[in-house]
Colleague: 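Please read through the structure below; I'll follow up with questions.
Chain letters run A, B, ... following the sequence lines, proteins first, then strands; residues in each count from 1.
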Number of protein chains: 2
Amino acid sequence: MNIGAASEQSGLPVKTIRYYEDIGLVRPARSENGYREFLDSDLQRLKFLQRARSLGFSIEECRELLSLYEDRNRASADVREITKTKIKEVDRKIAELQSLKRVLSDLVKACHGDDRTDCPIIDDLSGGLDTAFEDRGKS
Amino acid sequence: MNIGAASEQSGLPVKTIRYYEDIGLVRPARSENGYREFLDSDLQRLKFLQRARSLGFSIEECRELLSLYEDRNRASADVREITKTKIKEVDRKIAELQSLKRVLSDLVKACHGDDRTDCPIIDDLSGGLDTAFEDRGKS
DNA sequence: TCTTGACCTTCCAGTGACTGGAGGTTCTAT
DNA sequence: ATAGAACCTCCAGTCACTGGAAGGTCAAGA
């Protein structure tokens, strides 16, 4: 099957599939006319990649998962560990965003939001060292 | 003050400050020796940027907020609107991550995690069209 | 047969927001 | 005088694509 069909079947953009070939995640054969020829096994890999990426695994993690996937002797525990690490990362990101949301919500609450030219949000951003918002500093 | 002091005062890395100058977010004067000379007003901008970036505003949003910040006539309502839009974005990201976490947790729960070579996580990633996880497809 | 248009190819450049490094100048302390 | 820190510019790399130019191939219709 050509790249267009592979794209449709896998849910990955054509450009992305070519990119994945570039970085060695998939190695489709070539037809005589130079077109990429995707076998079912290639399509499997692409679907795997689509799914894993949509679950937030990085390209390098996908590479690792793929090699576990191909390795008939890999332990289920290895895959489980990678996934658990990923869950912890997701948890961390959620917590960060929730704290961010809290600060932003406080700012909006404190802001009268009319056409006056004083604004607590701007005040906070421009120094605000003595406002109620304590958790400044980079994450 | 030199870039090193500005970095320390603002909490932004030296490289980042130079980058911000490149893209026109800050315009420090130059001393005779070619060194950047940061005035208090420059430092204000840098602190503003540090804070706004840490709150998840993009560079372009920071540019907008800065121009509102400089504009003595801007309405508080404008700033409030930008912030509210940002909160909605943060909410969306949190929801995405929570759904992602649910799927990953389900996978880990289903995975026996021993040294057997069958693994529900890999099974899910490699097609898994008839597993219990429904929300595949790109976000 | 010719043409149109869809699909395919490669290659180069850009995204966002930095970060790292090379190679060179200036300042400061000893 | 000299060592080392701090500064300078410029170029390249990061991540995971995405867009576009310029051109080759294929299938269908006139």
Colleague: Salt bridge between A:Glu21 and A:Arg36, side-chain N to carboxylate O under 4.0 Å?
Modeller: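 Salt bridge: yes.
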Colleague: Does A:Tyr35 have a side-chain nitrogen or oxygen under 4.0 Å from the phosphate oxygens OP1 or OP2 of D:dG24?
Modeller: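 Indeed not, no polar side-chain atom of A:Tyr35 lies that close.
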Colleague: Just checking A:Arg18: base, sugar-phosphate only, or nothing, at a heavy-atom cut-off of under 4.0 Å?
Modeller: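 Result for A:Arg18 = base.
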Colleague: Using a cut-off of 6.0 Å, state whether more than 12 heavy atoms not belonging to B:Lys86 lie near its atom NZ.
Modeller: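 Above 12, so yes.
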Colleague: How long is the line joining CD of B:Gln50 and C1' of C:dA17, in whole Å?
Modeller: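 Taking atom C1' of C:dA17 as the reference, CD of B:Gln50 is at 15 Å.
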Colleague: Among C:dT19, D:dG20, D:dT18, which nucleotide has an atom closest to any side-chain atom of A:Pro13?
Modeller: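 Of the candidates, D:dT18 comes closest.
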Colleague: In whole angstrom, what separates B:Arg63's CZ from C:dG16's C1'?
Modeller: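 Between C1' of C:dG16 and CZ of B:Arg63: 12 Å.
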Colleague: From the options C:dC18, D:dA16, D:dC10, select the nucleotide whose nearest atom is closest to the side chain of B:Arg53.
Modeller: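 That would be C:dC18.
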Colleague: With nearest nucleotides of DNA chain D determined for B:Arg36 and A:Tyr20 from heavy-atom distances, which residue corresponds to the more 5′ nucleotide?
Modeller: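 Going by which nucleotide is closer to the 5' end, it is B:Arg36.
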Colleague: Just how far, in rounded Å, is P of D:dT14 from OH of B:Tyr19?
Modeller: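 One finds 17 Å between P of D:dT14 and OH of B:Tyr19, rounded.
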Colleague: Counting side-chain heavy atoms from C-beta on, which of D:dC8, C:dG20, C:dT26 comes nearest to B:Arg30?
Modeller: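 So the side chain of B:Arg30 is nearest to D:dC8.
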Colleague: Once you round it to whole Å, what is the distance between P of D:dG13 and CD1 of A:Ile23?
Modeller: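 Rounding to the nearest Å, CD1 of A:Ile23 and P of D:dG13 are 16 Å apart.
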Colleague: Is A:Arg27 atom CZ crowded by more than 12 heavy atoms from other residues, nucleotides or ligands, each under 6.0 Å away?
Modeller: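 Check fails, neighbour count at 12 or below.
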Colleague: Throw together a table of side-chain donor-acceptor distances under 3.5 angstrom for residues 9-17 of chain B, partners on residues two or more places apart or in other chains.
Modeller:
unit_1  : atom_1 : unit_2  : atom_2 : d
B:Ser10 : OG     : B:Ala6  : O      : 2.8
B:Ser10 : OG     : B:Ser7  : O      : 3.4
B:Ser10 : OG     : B:Leu12 : N      : 3.2

Colleague: Consider the side chain of A:Ile59, meaning its heavy atoms from C-beta on, and name the nucleotide among C:dT19, C:dC11, D:dA16 that approaches it most closely.
Modeller: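 So the side chain of A:Ile59 is nearest to D:dA16.
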Colleague: Within this structure, what is the CD-to-C1' distance between B:Glu37 and C:dC27, rounded to whole angstrom?
Modeller: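 These atoms are roughly 14 Å apart.
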Colleague: Measure CD/B:Glu21 against P/C:dC18 and give the value in whole Å, please.
Modeller: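 Nearest whole value for this atom pair: 15 Å.
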Colleague: Starting from P on C:dT10, measure out to CD1 on A:Ile3 and report it in whole angstrom.
Modeller: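 Going from A:Ile3 (CD1) to C:dT10 (P), I get 9 Å.
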Colleague: Inspect the contact between A:Arg92 and A:Glu89 and indicate whether a charged nitrogen and a carboxylate oxygen are less than 4.0 angstrom apart.
Modeller: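 Not counted as a salt bridge, because no side-chain N and carboxylate O are separated by less than 4.0 Å.
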Colleague: Please state whether the phosphate of C:dT19, meaning OP1 or OP2, lies under 4.0 angstrom from any side-chain nitrogen or oxygen of B:Thr16.
Modeller: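 Answer yes for this pair, as a side-chain N or O of B:Thr16 is under 4.0 Å from OP1 or OP2.
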Colleague: Quick one: which of C:dC27, D:dT18, D:dT9 gets closest to the side chain of B:Asn33?
Modeller: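 From the listed options, C:dC27 comes nearest.
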Colleague: To the nearest Å, how far apart are B:Leu46 CG and C:dC18 P?
Modeller: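 Distance, rounded to whole Å: 12 Å.
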